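Note that the coordinates shown come from a computational prediction; the quantities given were computed from them, not determined experimentally. Here is how names work: the chains are called A, B, and so on, in the same order as the sequence lines, proteins then strands, and each is numbered from 1.
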Amino acid sequence: MSRLLPNLVRFGRLLHDLGLDIQAGRMLDVARALPLIDIGRRQDFYYTLRTLLIHRADDLALFDQAFRAFWRPPRGERTRRDLRALGEQRRYGRPRVEQESLRADAESPEAASAPAPSPEKVELRTYSGRESLRQKDFGKLTAEELEQARALLAQFRWEPGFRRTLRWRGGGGRRPDLRQIVRDASRGAPETLALPGRERRRKPRPIVLLCDVSGSMERYSRMLLQLMVSITEGFQRVEAFVFATRLTRITLPLRAARRARAASPFAGRLAALAPDWSGGTRIGEALRAFHLHWARRVSSRGPVVLLISDGWDRGDPAALSREMARLQRGCHRLIWLNPLLGSPEYQPLTRGMQAALPFVDDFLPVHNLASLEDLAQRLNSLPDRRRSRRARTP
Amino acid sequence: MTFPTIDALQGALSGRRYIADRGLATSIFLALALRRPLLLEGEAGVGKTEVAKVLAAVLETDLIRLQCYEGLDVAHAVYEWNYPRQLLEIRLLQAEGALDRRAAERELFSREFLIRRPLLAALEHGGPPPVLLIDELDRADEEFEGYLLELLSDFQITIPELGTIQAAEPPIVVLTSNRTRELHDALKRRCLFHWIDYPDPAKELEILRAKAPEAPQRLAEQVAAFVAELRRAELYKKTGVSESLDWIAALVALDRQELDAETVDETLGLILKNQEDVEAIRGERARGILHRALAGGAHSAG
């Protein structure tokens with residue numbers, strides 16, 4: 001026991017350094033718990049530390065490895081290397097984006113060093129200059145225009161309406177507020193003249209972003225990333241994913257980019273996160289992965305789903321319609337944003353688009369700033385009630 | 001009441017037909033010994049809720065259950081005033097011409113008009129501390145979690161009209177979550193945490209034998225092996241232990257001695273609760289899974 005305690009403290013510090021949420025108070029609990037169990041049994045010792053020190057399912061595997069690396073027959077400094085490797089693994093599993101590393105990873109040096117243009121600068125531009133920028137296709141923006149567009153986009157407000165929660169709030173509303181009525185009556189109000197009411201509380205609706213980053217979307221991808229950053233910036237409840245052949249969650253790096261206020265070098269960093277950046281697309285499979293691994297955790301509470309893709313799908317159309325149907329059932333509103341829709345001669349004739357369209361609530365262009373303005377306006381005026389949809393089977 | 005060792009606890013649980021592995025038993029043991037809330041996470045149907053029930057049974061105490069849902073608020077979790085009765089009382093007092101404001105307020109907001117919801121009931125429970133089960137906490141709103149945080153640290157509730165109510169002895173708290181959303185770290189820090197995984201085939205067999213002793217041994221082995229094989233498939237909703245228990249009960253009712261392809265197809269709805277999953281598995285794939293399960297079962301037996 002005498003040698004155990006200092007080791008426990010070191011182990012606690014190690015877990016802390018690995019990024020686990022370990023608190024000093026918890027180590028005291030461990031000290032209280034150990035006399036209660038048979039520490040000769042390695043298994044009991046392991047589970048005791050685990051149940052007391054870990055409280056997130058995602059951390060279990062890391063704890064397991066740290067435990068095995070730390071609590072083994074002592075062999076000098078050998079452990080150290082293993083533990084560093086663990087830290088790396090953790091960083092891979094839960095990316096944390098720091099400002100320095102963002103800069104280092106930037107694709108081009110100018111992009112990294114140029115500070116985000118301040119809003120005043122934008123205001124000074126002439127209307128006609130802005131108007132042409134508004135109408136210009138994202139795929140054709142020059143580097144300078146991209147910066148301007150980015151600054152304009154930063155001023156957008158995204159508010160996808162409210163959802164009615166099941167909690168009550170006094171004041172207003174048609175349901176009588178009994179609590180208030182009793183209060184009034186007991187204070188001797190002779191007859192209740194006005195019936196105090198209560199109503200359901202409202203909360204902002206969450207947003208789920210699913211963005212196609214396959215080869216055919218490449219010329220739009222920089223601006224679409226800006227769009228995702230902009231939406232995440234103005235609004236708390238956003239979950240973001242990118243996909244081509246695989247689905248990658250980018251919610252946390254996006255939030256980190258928001259904190260670092262460094263969106264431009266972000267694309268380079270993101271490329272490292274999504275290994276199949278600019279490959280082919282399998283939308284159906286990506287959506288299936290979303291449903292299997294994420295939907296239950298991120299798309300409860302009736303989100304508005306924005307699916308951004310040109311619909312060039314190389315997967316099975318039947319699978320795509322099945323997954324689209326499921327996606328639509330699980331959300332408040334399913335909006336498909338297609339950059340090609342900006343071109344007047346475009347017709348959604350690809351197999352993928354054909355398979356998906358019956359399950360889309362809104363089919364909108366996303367090719368220039370004007371279309372984003374329309375989108376913002378439409379989102380901000382979404383009705384609280386779900387659009388009525390005809391029952392369809394995929 | 002606590003148990004002297006983890007083994008003793010494990011024995012007591014299996015005496016009530018709950019098969020807990022060492023990890024879970026350690027967590028329960030320490031939650032009792034250190035008097036901390038126990039947070040159980042895991043997929044649906046792995047026996048999280050059952051832990052609280054069986055714990056109340058082995059401790060020979062009451063189980064008080066709070067089922068969480070979206071919109072759960074203090075009025076349904078903690079206490080509410082009995083408004084209709086209060087209004088009636090006011091009318092009576094008025095009729096008698098005896099409505100004195102101060103006295104009325106005191107009288108109307110007394111314990112007589114208080115409706116005790118699970119959390120308050122758990123604190124006011126006399127005798128040995130009850131087991132308080134706060135089930136599927138992830139369904140409740142974040143605001144409620146914040147409230148719970150306060151309750152779990154002090155085990156006291158303040159009712160403005162009555163004052164503070166403190167538990168003589170804190171209840172044994174078991175919280176469960178299906179992880180449809182992440183709970184706040186602040187809440188998790190107050191608790192001992194255990195993740196209940198799907199059991200391996202050997203443990204599942206043990207559970208099936210304990211809970212459905214009337215089923216033939218051979219059938220139980222096959223069910224355990226089949227379900228384990230099935231969980232490897234990519235499914236929207238994996239089969240939980242509760243579903244394999246339902247399944248074996250149904251198979252016994254149908255008087256099946258062994259699994260065969262036809263029976264599996266007919267009863268697939270008992271273990272797969274999602275139409276897409278049923279369609280994906282039924283037929284060819286189910287036969288493949290059955291084949292592997294039977295082969296594996298024969299292997300381990302031989």
Mark yes when over 12 heavy atoms from residues, nucleotides or ligands other than Arg13(A) sit less than 6.0 Å from its CZ; otherwise mark no.
no
For the residue pair Tyr236(B) and Arg288(A), establish whether any side-chain heavy-atom pair is separated by less than 4.5 Å.
yes
Would one find more than 12 heavy atoms of other residues, nucleotides or ligands at under 6.0 Å from atom NE2 of His16(A)?
no
Asp29(A) and Arg36(B), any side-chain heavy atoms less than 4.5 Å apart
yes
Please assess Leu60(A) against Phe193(B) for the test side chain to side chain contact (heavy atoms under 4.5 Å, CB included), listing each intermediate value before the final yes or no.
CA-CA 10 Å; Leu60(A) 290 177; Phe193(B) 173 76; 4.2 Å; yes
Which bit of Glu107(B) is near chain A, if near means a heavy-atom gap under 4.5 Å: side chain, backbone, both or neither?
neither
Segment of Asp197(B) engaging chain A (4.5 angstrom heavy-atom cut-off):
neither
Before giving the answer on side chain to side chain contact (heavy atoms under 4.5 Å, CB included), spell out for Asp58(A) and Arg179(B) the whole-Å C-alpha distance, their side-chain angles and the decisive distance to 0.1 Å.
CA-CA 11 Å; Asp58(A) 295 338; Arg179(B) 239 177 140 224; 2.8 Å; yes
Report, in residue-number order, which members of residues 38-48 of chain B are under 4.5 Å from chain A by heavy-atom distance.
Glu41(B), Glu43(B)
Need one label for Asp44(A): side chain, backbone, both or neither, based on atoms under 4.5 Å from any heavy atom in chain B.
both
In Å and rounded to the nearest 0.5 Å, what is the CD to CG distance from Gln43(A) to Asp21(B)?
8.5 Å
Over 12 non-hydrogen atoms of neighbours within 6.0 angstrom of CD in Glu161(B)
yes
In terms of heavy-atom pairs under 4.5 Å with chain A, which of His194(B), Arg189(B), Glu234(B) leads?
Arg189(B)
Could you check Ile37(A) against Phe29(B) for side chain to side chain contact (heavy atoms under 4.5 Å, CB included), going step by step and ending with a plain yes or no?
CA-CA 9 Å; Ile37(A) 65 160; Phe29(B) 172 79; 3.9 Å; yes
What's the verdict on side chain to side chain contact (heavy atoms under 4.5 Å, CB included) for Arg41(A) and Asp7(B), showing C-alpha distance, side-chain angles and the deciding distance?
CA-CA 12 Å; Arg41(A) 281 185 76 159; Asp7(B) 290 299; 3.6 Å; yes
Where Leu52(A) and Leu34(B) come nearest, the two heavy atoms and their spacing
CD2-CD1, 3.8 Å
Is Leu24(B) in contact with chain A via its backbone, its side chain, both, or neither, using a 4.5 Å heavy-atom distance?
neither
Residues Arg26(A) and Leu192(B): closest non-hydrogen pair is NH2-N, 4.3 Å
Is Arg190(B) close to chain A through its backbone or its side chain, or both, or neither, when contacts mean heavy atoms under 4.5 Å?
backbone
Drop me the distance from Trp195(B)'s CH2 to His55(A)'s NE2, to the nearest 0.5 angstrom.
14.5 Å
Using the side-chain contact (heavy atoms from CB on, under 4.5 Å) criterion, which residues pair with Arg111(B)? Sequence neighbours excluded.
Arg116(B), Glu124(B), Leu162(B), Ile165(B)
Is Glu276(B) salt-bridged to Arg326(A), going by a charged N under 4.0 Å from an acidic O?
yes
Please enumerate all residues that pass side-chain hydrogen bond (donor to acceptor under 3.5 Å, both in side chains) together with Glu279(B), with sequence neighbours excluded.
Gln275(B)
For Thr5(B), which atoms come within 4.5 Å of any heavy atom of chain A: side chain, backbone, both, or neither?
neither
Taking side-chain contact (heavy atoms from CB on, under 4.5 Å) as the test, write out the residues that go with Ser242(B), two or more places apart.
none
